[in-house]
Asks: 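Got a structure here, written out as structure tokens. Questions coming.
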2 protein chains.
Amino acid sequence: MQNDVWSPTPVLLTVDLVILTLREGRLHVLLVERGEDPFRGMLALPGGFLDHDGEEILDAAHRELSEETALASGWVHLEQLAVYGESGRDPRGRVVSVAHLAIAPGLPDPIAGTDAADAAWVPAEGVLSGELGLAFDHRRIAADGIERARTKLEFSSLATAFCGEEFTIAELQQVYEAVWGTELDTRNFYRKVQAVKGFIVPAGTDRRTTGGRPARLYRAGPRTVLFPPLIRPALSATEENTRGEE
Amino acid sequence: MQNDVWSPTPVLLTVDLVILTLREGRLHVLLVERGEDPFRGMLALPGGFLDHDGEEILDAAHRELSEETALASGWVHLEQLAVYGESGRDPRGRVVSVAHLAIAPGLPDPIAGTDAADAAWVPAEGVLSGELGLAFDHRRIAADGIERARTKLEFSSLATAFCGEEFTIAELQQVYEAVWGTELDTRNFYRKVQAVKGFIVPAGTDRRTTGGRPARLYRAGPRTVLFPPLIRPALSATEENTRGEE
DNA sequence: CTAATAGTGTCTTTGAGACAATATCAT
DNA sequence: ATGATATTGTCTCAAAGACACTATTAG
């Protein structure tokens with residue numbers, strides 16, 4: 001392909017972030033209000049072009065993440081999600097976006113990034129339902145990111161990324177319930193979570209009181225792959241074809 | 001980010017393909033011998049730059065696929081795998097590759113593509129073990145593609161993409177065994193596969209004889225998501241942390 | 001004591017894995 | 001019948017889901 005007179009078409013690369021966290025027991029996505037054209041004033045995922053020449057994609061994602069959340073990157077889970085490159089997705093021309101998924105524990109209120117007039121945590125359901133208009137194809141990207149998080153909760157220890165360093169089992173359950181949008185039986189959840197070796201390990205015993213018996217604290221264990229997995233209930237039974245991106 | 005004098009860095013986009021098929025009961029990957037520099041003469045995944053201006057990424061993947069396999073694209077499963085963009089991965093400069101995973105039923109011997117001096121099916125284990133040197137970071141891409149296929153076999157109906165339109169349960173089992181690299185109990189496999197509603201549906205009854213009782217034929221059913229899933233045995237028990245890309 | 005939250009136990013059903021037996025073809 | 005392959009059963013154990021109970025704190 002790369003022979004003679006013909007030469008390949010360059011494209012512009014952006015990095016977009018689906019940053020998820022839990023606030024008041026509900027799943028939230030970080031959105032920014034665009035301060036520039038196109039889509040000025042509209043809500044969008046945080047992101048931007050690759051910076052200086054030769055910036056690595058993952059570095060750019062980390063940079064955008066800290067610009068927007070002002071958080072120690074080391075504490076945030078960050079992974080590549082997918083590429084969105086359909087021509088027409090960006091009015092400026094051929095702009096290809098490498099979307100990333102970031103998971104963070106209850107974050108402070110966001111700070112306005114360089115690019116964004118304003119930034120805010122928005123409930124995930126509002127994004128999924130489409131009642132909020134998002135710039136570009138960002139609604140689809142957000143939906144893909146949320147779906148990825150839902151699936152990874154089942155088989156990986158991703159849920160602990162939503163928690164602080166130490167957490168109770170009840171808090172962990174809240175993560176599952178919020179991300180999956182279901183209710184889980186507390187008793188069964190206790191049993192299952194503890195049955196997965198290496199998922200969570202005890203960390204100290206008691207903690208700040210909440211009026212009842214103090215909970216035990218745990219922290220993320222060495223295992224990143226859960227076995228047995230924690231299957232989400234919805235699709236087990238009634239649900240027909242859900243899940244699956246492709 | 002995209003303000004004032006500063007302007008974003010363009011990159012070159014390529015599409016690379018991990019094309020998998022079954023040959024003689026073993027998993028194979030399609031590799032080409034590069035006819036151009038860099039890495040001239042070395043083995044690599046089929047792929048190339050985006051073609052004419054504004055070619056869609058997915059279209060480019062389809063194009064490369066049919067150039068290399070000469071197969072009706074409609075019959076081949078094709079999905080995006082991941083993006084590989086580390087600077088230094090391509091000596092020509094900043095070249096970002098969107099890797100794709102393709103699954104096809106037993107394919108005819110490959111034809112040489114435009115770009116490739118030669119093309120051949122290579123056993124997957126040879127690629128994974130590293131005994132074959134691959135150009136660029138293609139060994140890692142191939143490994144990621146194979147791992148993706150292994151995982152998707154568990155929860156999706158992807159396995160049927162390795163088979164022809166009609167297939168026997170024994171053939172389907174061969175797919176699982178080859179891709180997972182394990183042996184499965186025929187009796188249990190029968191039971192489990194048939195228990196998944198909508199996975200496979202009966203198609204005709206008998207078939208070409210093989211010396212014993214003729215097998216029933218099936219074709220892919222409407223379900224793309226398997227429930228219950230077909231968990232691969234290895235990681236259930238002894239295996240420690242395997243699986244999981246991130 | 002009561003209220004409140006944390007954690008354990010039991011029972012039933014479903015699916016996984018090991019393994020035996022039967023069915024249907026060609027010869 | 002024999003050899004070969006396909007298909008159906010059976011039995012045991014692990015894990016899911018429903019649900020009742022005990023434990024430990026604050027007041």
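The shown structure was predicted, so the numbers you read here are calculated from the model rather than taken from an experiment. Any value given below was found using the heavy atoms of this structure, including those in side chains, with hydrogens, waters and symmetry copies removed.
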Asks: Specify the separation, in whole Å, of atom NZ of A:Lys192 and atom P of D:dC19.
Replies: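 My rounded result for the distance is 16 Å.
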Asks: Please give, in whole Å, the distance from D:dC19 C1' to A:Glu183 CD?
Replies: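 The answer, rounded to whole Å, is 16 Å.
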Asks: Which nucleotide, C:dG17, C:dA6, D:dT7, lies nearest any side-chain atom of A:Tyr190?
Replies: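 That would be C:dA6.
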Asks: Calculate the interatomic distance between A:Gln173 atom CD and C:dG7 atom P; express it in whole Å.
Replies: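 The answer, rounded to whole Å, is 11 Å.
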Asks: What distance do B:Gln174 atom CD and B:Leu27 atom CG have between them, rounded to the nearest 0.5 Å?
Replies: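 The CG atom of B:Leu27 is 13.0 Å from CD of B:Gln174, to the nearest 0.5 Å.
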Asks: If you measure from CG on A:Leu158 to OH on A:Tyr176, what distance do you get to the nearest 0.5 Å?
Replies: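 Going from CG on A:Leu158 over to OH on A:Tyr176, the span is 8.0 Å.
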Asks: From C-beta outward on A:Pro228, which listed nucleotide comes closest to its side chain: D:dT7, C:dA16, D:dA15?
Replies: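 When the side chain of A:Pro228 is considered, D:dA15 is the closest of D:dT7, C:dA16, D:dA15.
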Asks: Compare the minimum distances between each of D:dA23, D:dT8, C:dC19 and the side chain of B:Asp185, then state the nucleotide with the smallest one.
Replies: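 For B:Asp185, the side-chain atoms sit closest to C:dC19.
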Asks: Rounded to the nearest 0.5 Å, what separation is found between the CZ atom of B:Phe199 and the CZ atom of B:Arg223?
Replies: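 With rounding to 0.5 Å, CZ (B:Phe199) is 11.5 Å from CZ (B:Arg223).
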Asks: Rounded off to whole Å, could you give me the CG-to-P distance for the A:Leu184 and D:dA18 pair?
Replies: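 Rounded to the whole Å, the gap is 10 Å.
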Asks: Report the distance from atom OH of B:Tyr218 to atom OG1 of B:Thr160, rounding to the nearest 0.5 Å.
Replies: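 Spacing of OH (B:Tyr218) from OG1 (B:Thr160) equals 14.5 Å.
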Asks: Minimum heavy-atom separation for B:Ala124 and B:Ile146, please, with both atom names.
Replies: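 Heavy atoms only, the tightest pair is CB-CD1, 3.8 Å.
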Asks: Check every strand shown and say whether B:Gln194 touches a base, only sugar-phosphate, or nothing at a heavy-atom separation below 4.0 Å.
Replies: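 The residue B:Gln194 makes sugar-phosphate contact but no base contact.
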Asks: What integer distance in Å separates A:Arg213:CZ from C:dT5:P?
Replies: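 Rounding to the nearest Å, CZ of A:Arg213 and P of C:dT5 are 14 Å apart.
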Asks: Roughly how many Å is it from CG in A:Leu226 to P in D:dA14, rounded to a whole number?
Replies: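 Taking atom P of D:dA14 as the reference, CG of A:Leu226 is at 20 Å.
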Asks: Looking only at side-chain atoms of A:Arg187, point me to the closest of C:dG7, D:dA6, C:dT24.
Replies: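 Closest nucleotide among those given: C:dG7.
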Asks: Using a 4.0 Å heavy-atom cut-off, does B:Arg191 contact any base of the nucleic acid, only the sugar-phosphate backbone, or nothing at all?
Replies: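 Base contact - B:Arg191 has a heavy atom under 4.0 Å of at least one base atom.
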Asks: Reading DNA chain C from 5' onward, which residue's closest nucleotide shows up sooner: A:Asn188 or B:Pro214?
Replies: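 Result of the comparison: A:Asn188.
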Asks: Would you mind telling me which residue lines up with the more 5' stretch of DNA chain C, A:Gly211 or B:Leu230, judged by nearest nucleotide?
Replies: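 It is A:Gly211, whose closest nucleotide lies nearer the 5' terminus.
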Asks: Which nucleotide in the list D:dT8, C:dA6, D:dT5 gets nearest to the side chain of A:Ala215?
Replies: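 The answer is C:dA6, which lies nearest to the side chain.
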Asks: Rounded off to whole Å, could you give me the CZ-to-C1' distance for the B:Phe189 and C:dC19 pair?
Replies: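 My rounded result for the distance is 18 Å.
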Asks: Can you tell which of C:dA6, D:dA6, D:dA16 lies closest to the side chain of A:Ala170?
Replies: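 Output: C:dA6.
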Asks: Provide, to the nearest angstrom, the distance between the CD atom belonging to A:Gln174 and the C1' atom belonging to C:dT5.
Replies: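 In whole Å, C:dT5 C1' lies 13 Å from A:Gln174 CD.
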